[in-house]
Every structure is written in C-alpha cells, then in structure tokens.
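Step one of this worksheet: look at the structure below.
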Amino acid sequence: QLQLAESGGGSVQPGGSLRLSCVASGETLDYYAIAWFRQAPGKEREGVSCIASASVGKGDTYYSDSVKERFTISRDDAHKTVYLEMNNLRPYATADYFCAPRLNSPWSSSCDMTLLTYDHWGQGTPVTVSS
C-alpha cells in the first residue's frame with residue numbers, strides 16, 4: 001500500500017526558504033499526480049502545488065496564485081520523492097504541509113486540486129514563518 005512521509009519543515013523568518021520532501025513507500029509514484037496541500041490552524045486544507053505523472057504525461061506542474069514564482073515542485077521517481085522548494089516565505093505560509101497521491105480519480109496521473117481526489121495522506125510537516 002502506498003504511503004507517503006513528509007519532512008523538511010521548520011521555522012524561518014519572512015523571506016526565508018525551505019525545501020520539503022515527500023517520500024513514498026510501498027509502491028512507486030510514477031503513475032500518479034502528487035500534490036502538496038497546507039492547513040493552517042483553524043482553516044481548511046488548501047492546495048498549494050501539484051505535479052503530474054512524467055511517466056504517463058509530461059509532468060506538468062500547477063501552483064496556487066499565492067505561491068506562484070516563489071515555490072517550485074519537482075519529482076524524482078527513481079527515488080520515490082517529490083520536493084517542494086519554497087522561497088521568499090511569508091507569515092501566511094505558516095501551516096502544516098501535506099503531500100498525497102491523486103488516488104481517488106480515474107485521471108490519477110494529471111493534476112487537479114480537488115481535495116477529495118487525494119488519499120493516503122502523510123502525517124504532515126510543520127512550517128512556521130515568523131520574525
């Protein structure tokens with residue numbers, strides 16, 4: 001069974017950078033779109049970024065408007081890992097960050113940020129942006 005584990009979170013000052021990792025076990029990631037979501041205290045989980053399968057498609061990427069040109073998502077299928085490089089972090093980015101494969105969709109290899117199409121969530125990694 002596919003399981004994901006996030007790491008790389010931490011505390012940074014505004015303008016700082018972090019690199020999150022999402023490592024899979026149990027199965028390969030090759031055929032799935034993988035997305036990063038975040039959830040701030042008292043708020044709903046929101047989509048941040050997604051990368052489509054590079055085996056089935058072209059590995060297209062998606063970013064929410066709030067992170068465009070500051071975050072970069074990438075995947076290394078040989079090492080079952082998806083990364084989220086976060087630059088110029090702002091205080092509103094403070095949240096727990098989660099990754100998940102798009103398991104609950106017949107179009108599992110392509111990106112869509114509909115929350116219910118993702119499953120097998122990891123435990124999350126906390127990110128705090130504060131001066």
Inset, instruction - Would you check if the side chain of T125 reaches a backbone N or O of E6 as a donor-acceptor pair within less than 3.5 Å? - result: no

Inset, instruction - Starting at CZ of F71, measure out to OG1 of T61 and round the result to the nearest 0.5 Å. - result: 14.0 Å

Legend entry - Flag side-chain contact, heavy atom, 4.5 Å: Y63 against S49: yes

Legend entry - Residue pair V67, M86: steps toward the side chain to side chain contact (heavy atoms under 4.5 Å, CB included) verdict: CA-CA 8 Å; V67 306; M86 308 188 296; over 6 Å; no

Legend entry - I51, V23, D77, D76 screened by side chain to side chain contact (heavy atoms under 4.5 Å, CB included) with L29, the one that passes: D77

Legend entry - S105 side chain vs W107 backbone, donor-acceptor pair below 3.5 Å: yes

Inset, instruction - Examine distances only and state if a side-chain atom of Y32 and a backbone atom of S110 form a donor-acceptor pair shorter than 3.5 Å. - result: no

Legend entry - Closest heavy-atom pair and its distance - I34, R75: CG1-NH2, 4.1 Å

Inset, instruction - Would you tell me whether Q3 and H120 have side-chain atoms, one donor and one acceptor, within less than 3.5 Å of each other? - result: no

Inset, instruction - Determine the minimum heavy-atom distance between C111 and A52, stating which atoms define it. - result: SG-N, 3.4 Å

Legend entry - Exercise: identify the closest heavy-atom pair between P101 and D119: CD-O, 3.0 Å

Tell me which donor-acceptor pairs under 3.5 Å the side chains of residues 9-21 have, and how far apart each pair is, sequence neighbours excluded?
{"unit_1": "S17", "atom_1": "OG", "unit_2": "N87", "atom_2": "OD1", "d": "2.9"}

Legend entry - Residue pair T117 / R102, side-chain donor-acceptor N/O under 3.5 Å: yes

Inset, instruction - Could you walk me through whether V82 and I73 pass the side chain to side chain contact (heavy atoms under 4.5 Å, CB included) test, one step at a time? - result: CA-CA 7 Å; V82 173; I73 190 170; 4.0 Å; yes

Inset, instruction - Say whether, by atom type as modelled, one donor and one acceptor occur between the side chain of N104 and the main chain of L116 under 3.5 angstrom. - result: yes

Legend entry - Within 6.0 Å of OH in Y62, more than 12 heavy atoms from elsewhere: yes

Inset, instruction - In sequence, state the C-alpha distance, the side-chain angles, and the governing distance for D30 and S53, and then conclude on side chain to side chain contact (heavy atoms under 4.5 Å, CB included). - result: CA-CA 6 Å; D30 296 24; S53 168; 5.5 Å; no

Legend entry - Where R70 and N88 come nearest, the two heavy atoms and their spacing: NH1-O, 2.8 Å

Inset, instruction - Please check if the side chain of T94 supplies one atom and the backbone of P91 the other of a donor-acceptor pair under 3.5 Å. - result: yes

Side-chain donor-acceptor pairs under 3.5 Å in residues 35-43, sequence neighbours left out?
{"unit_1": "R38", "atom_1": "NE", "unit_2": "E46", "atom_2": "OE2", "d": "2.7"}
{"unit_1": "R38", "atom_1": "NH1", "unit_2": "Y97", "atom_2": "OH", "d": "3.0"}
{"unit_1": "R38", "atom_1": "NH2", "unit_2": "E46", "atom_2": "OE2", "d": "3.3"}
{"unit_1": "R38", "atom_1": "NH2", "unit_2": "S66", "atom_2": "OG", "d": "3.4"}
{"unit_1": "Q39", "atom_1": "OE1", "unit_2": "R45", "atom_2": "NE", "d": "3.2"}
{"unit_1": "Q39", "atom_1": "OE1", "unit_2": "R45", "atom_2": "NH2", "d": "3.2"}
{"unit_1": "Q39", "atom_1": "NE2", "unit_2": "K43", "atom_2": "O", "d": "3.1"}

Legend entry - Heavy-atom pair of closest approach, residues A33 and Y118: O-CE2, 4.2 Å

Inset, instruction - Return the minimal non-hydrogen interatomic distance between V48 and M113, and the atom names on each side. - result: N-CE, 3.8 Å

